[in-house]
Amino acid sequence: MRPQGKVTLYKSTMGVCLWLFLAFMNEATATFRPRQLSPCQVVHMNVYCNDMNLRTVPAELPPDIHILDLSQNHLQNLTQEFLAFYTIHHLNLHSNKIQFIQPGLFRNMTNLQELDLSRNYLDIFAASKTDVGPLSTVKRLSLSGNGLYTGMTDFFLRDAPSLVNLSLDGNSITKISKDTFSGSLALRNIDLHNNVILEIEEGAFESLADLSELDLSTNSITCITDFNLSQLKLLNLSRNSLESFQTMDSDLEYELQHLDLRENKIHYFPVLPRKNKLLYLDLSRNLMRSVNTTSLMEELEYIRDGRFTTHALSCSKNAHNDLPRLLYLDMSYNQIKSISASFFRGLEALEVLNLSNNCLEAFSVDRSSPLDSLKTLDLSFNVLQNLSFEENTLRLLEELHLMGNILSFIDPTIFRRLPRIRELHLQQNFLSVCGSHHQRGHRSQAGDCIFFSSIPTLRRLYLSGNNLQSVPQGAFHGTSLWLLDLSGNPGLDIHKNAFSGLEPSLTHLSLRENDLPVLSTDLSLLSGLRDVDLSMNRLTTLPLWNKESSIEALNLQNNSLVTLEYSTVLALEKTLKTLYLGSNPLSCCGNLQFLHMVRRSSLDIPDLASVTCQYTQNSERKEMSIESVEQEHCETLDRKSLGIIIIIITALVLIAVLVLLSKICHPRRHRLRGSFKA
Ligand SMILES: *[C@@H]1O[C@H](CO)[C@@H](O)[C@H](O)[C@H]1NC(C)=O
Ligand SMILES: *[C@@H]1O[C@H](CO)[C@@H](O)[C@H](O)[C@H]1NC(C)=O
Ligand SMILES: *[C@@H]1O[C@H](CO)[C@@H](O)[C@H](O)[C@H]1NC(C)=O
Ligand SMILES: *[C@@H]1O[C@H](CO)[C@@H](O)[C@H](O)[C@H]1NC(C)=O
Ligand SMILES: *[C@@H]1O[C@H](CO)[C@@H](O)[C@H](O)[C@H]1NC(C)=O
Ligand SMILES: *[C@@H]1O[C@H](CO)[C@@H](O)[C@H](O)[C@H]1NC(C)=O
Ligand SMILES: *[C@@H]1O[C@H](CO)[C@@H](O)[C@H](O)[C@H]1NC(C)=O
Ligand SMILES: *[C@@H]1O[C@H](CO)[C@@H](O)[C@H](O)[C@H]1NC(C)=O
Ligand SMILES: *[C@@H]1O[C@H](CO)[C@@H](O)[C@H](O)[C@H]1NC(C)=O
């Protein structure tokens with residue numbers, strides 16, 4: 001009782017405190033808002049009236065506002081009468097229906113830094129050919145989504161000397177003329193994304209000495225010649241119709257760091273500034289056939305000797321690409337057929353090279369341009385047949401993607417030569433795996449298998465869909481594999497010591513879709529195993545697991561399992577969290593103990609709804625969901641068989657009695673006969 005009393009006392013003191021605090025807060029805020037306000041929310045000097053169906057600016061707002069948010073209303077006309085806030089810093093008018101602004105309205109807002117007029121009807125205002133007046137202090141202006149077309153921005157930008165960030169995205173501008181920005185020379189960041197720009201007049205951006213980011217993505221620009229915006233740091237030209245990109249020939253030092261040319265129609269590697277600081281270059285989804293640069297776009301294709309030959313009729317510079325700081329180069333989704341090792345000479349800092357989805361037949365790296373900073377190389381989905389890395393190249397490579405090629409006979413020790421390799425993605429090729437004691441271990445020559453053993457850094461290996469025949473003994477010995485994917489190799493023969501050496505490290509193992517009738521490998525030796533996928537095989541029994549199993553997820557879907565050995569299930573139960581079991585011919589009454597376990601434990605069976613089991617009733621084979629199997633169901637089955645047994649026993653007893661009776665009768669007759677004889 002006493003402690004309870006104390007608690008109530010404490011609670012009531014808290015209540016008093018809270019009440020006093022609230023009362024104090026009321027007093028405090030009352031000084032901030034002398035009048036009763038409109039529905040707007042007021043926090044200090046910031047007023048939020050967004051999304052309130054307003055047609056006019058509420059009349060009762062305090063005069064000394066810093067932030068005024070009137071976005072998502074129905075304002076049409078902006079006039080002095082309603083918007084006389086001289087202290088305002090940030091005015092948000094996003095998503096209204098503004099079509100009229102009183103000229104000079106912003107003149108006396110001498111603190112106004114940010115003005116958001118996006119998503120209004122300012123094309124109507126601009127059509128009246130009136131200037132909005134000076135925006136002397138505005139640093140950030142958004143005019144996005146206003147249906148503005150060429151020339152209309154002039155009415156807003158003529159007198160905006162402090163403007164730093166300008167958003168014009170989502171309008172209908174087709175041309176940037178040379179004086180579009182002549183009234184806003186402080187611009188640093190211009191967003192012109194999603195217009196229909198076809199033409200940029202010479203000198204349009206050159207006068208903007210501080211311009212650092214220019215977004216021209218999603219427009220209709222077809223060609224950039226004599227690029228000379230040396231002050232730019234980021235240029236986004238993705239999603240245009242560019243056929244070429246060429247920098248003015250000069251020794252000027254360019255500041256450009258990010259160049260995005262993704263999704264255009266570029267045929268040749270762009271002509272980039274000779275002196276550059278490029279870090280990031282995206283050329284993916286273009287039409288490049290080679291990495292040659294050319295300064296003239298003429299290309300002749302004709303048939304000679306029945307073969308296609310491509311001629312570049314041009315002063316093909318075959319430029320030495322010096323991109324000494326470039327970290328990221330994406331050329332995926334082009335039509336590149338070959339890439340000479342010399343192309344990599346100027347790419348000393350490159351960390352990520354993506355050449356996936358091209359038409360490469362061979363790829364090699366030699367010592368003259370060793371790509372010694374490269375960490376990730378993606379060559380997936382080409383038609384690679386030949387692959388070679390000279391000794392002492394690719395010394396930092398960690399991830400190699402070779403999925404979807406036609407690799408079969410390559411140097412067996414090629415991957416041993418990559419001292420930092422962690423991930424090998426080799427799905428969908430025609431590779432075979434050598435055992436650790438394979439004969440031709442030390443000779444580097446094209447062999448019929450590849451060594452994966454003795455690569456101590458290797459953590460992930462993907463070999464699915466290689467038509468692998470076998471995984472020999474010790475195939476991965478001397479690696480620290482954490483994940484091994486051998487799925488999709490039907491008929492795979494796995495040696496019982498195939499995984500030796502992986503005991504402490506292997507955590508994820510996939511043997512899915514391998515058509516395995518039985519697993520002879522003792523997976524219980526892999527003490528670190530957490531996740532095993534054995535689905536889509538023909539297993540009839542569970543592989544044996546000892547008591548120390550640490551498996552958390554097990555996929556047994558689509559096998560031929562009838563009964564799950566209860567001892568194995570018990571061994572798994574301690575750690576198992578997720579079990580897939582669908583599409584197996586499970587027996588209902590043969591797995592009662594297991595089914596009990598499922599109900600008792602917190603085991604998750606994600607495909608439970610589709611897990612069925614089979615039983616025989618009236619000599620008919622039937623199926624039901626394992627969820628609906630009841631003990632008594634199997635008991636009734638038992639009772640029936642008991643009945644049959646009782647009938648049989650009764651019959652047998654009856655027969656025995658009859659036989660006995662007949663035997664008792666016969667000797668009597670015999671005796672009678674005997675007595676006759678006697
Ligand atoms: C805005 O101004 C126009 C004329 O400039 C007028 O026709 C219209 O009614 C005004 N709208 C509002 C909501 O005041
Ligand atoms: C701006 O302020 C000046 C005086 O500071 C005043 O004369 C002028 O009328 C004001 N303009 C507007 C549009 O309020
Ligand atoms: C300008 O915009 C960029 C990106 O849109 C942003 O990172 C930067 O902080 C903005 N600068 C100013 C002064 O608002
Ligand atoms: C860039 O080209 C324009 C027009 O061709 C020229 O006026 C300007 O001086 C050039 N700028 C630089 C930095 O070379
Ligand atoms: C370029 O613009 C596209 C589309 O707006 C965007 O997805 C991409 O991230 C931008 N690239 C860079 C480097 O900012
Ligand atoms: C690229 O340049 C190399 C070296 O000059 C030349 O052998 C090759 O034919 C060129 N490729 C194309 C497609 O022009
Ligand atoms: C390479 O590019 C493709 C397509 O753009 C992308 O799907 C893949 O993730 C990239 N590879 C790497 C390693 O980033
Ligand atoms: C691949 O290598 C073999 C033998 O070294 C060679 O005969 C063949 O021409 C090469 N193929 C390509 C596409 O380079
Ligand atoms: C089971 O796997 C076989 C191929 O191994 C496939 O044809 C079949 O559709 C799968 N059945 C289910 C129910 O997933």
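Each residue takes its place number in the sequence, starting with 1. Note that ligands are numbered from 1 as they come in the structure, with each ligand's atoms numbered from 1 the same way. What you see below is based on every heavy atom in this structure, not just the backbone, and it leaves out hydrogens, waters and symmetry mates.
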Checklist entry - Would a distance-only check, ignoring hydrogens and angles, find a side-chain to backbone donor-acceptor pair under 3.5 Å from D282 to S284? => result yes
Checklist entry - Taking distance alone, with no angle check, do D215 and ligand 5 share an N/O pair under 3.5 Å? => result no
Checklist entry - Looking only at N/O atoms, are T218 and ligand 5 under 3.5 Å apart anywhere? => result no
Item to check | First-shell residues of ligand 7 [heavy atom, distance under 4.0 Å] | outcome: S332, Y333, N354, S356, T376, D378, H401
Checklist outcome for this item: Under 4.0 Å from one or more heavy atoms of S238, ligand 5 contributes atoms 1 (C), 2 (O), 3 (C)
Checklist entry - Which ligand 5 atoms does S217 reach within 4.0 Å, using its non-hydrogen atoms? => result 2 (O), 4 (C), 5 (O)
Next on the checklist: Is it the case that atom NZ in K277 sees more than 12 heavy atoms from other parts of the structure closer than 6.0 Å?
Outcome noted: yes
Item to check | Carboxylate-amine/guanidinium proximity below 4.0 Å for R367 and E390 | outcome: yes
Checklist entry - Are side-chain N/O atoms of R239 and S217 paired as donor and acceptor at under 3.5 Å? => result no
Item to check | Pair F451 + F415: ring centers closer than 6.0 Å | outcome: no
Next on the checklist: Can you classify the ring geometry of F363 versus F389 as parallel (below 30°), tilted (30 to 60°) or perpendicular (above 60°)?
Outcome noted: perpendicular
Item to check | side-chain contact (heavy atoms from CB on, under 4.5 Å) partner of L384, the single match among N429, L355, L402, I406 | outcome: L402
Checklist entry - Quick one: does L329's side chain get under 4.5 Å of L350's, heavy atoms only? => result yes
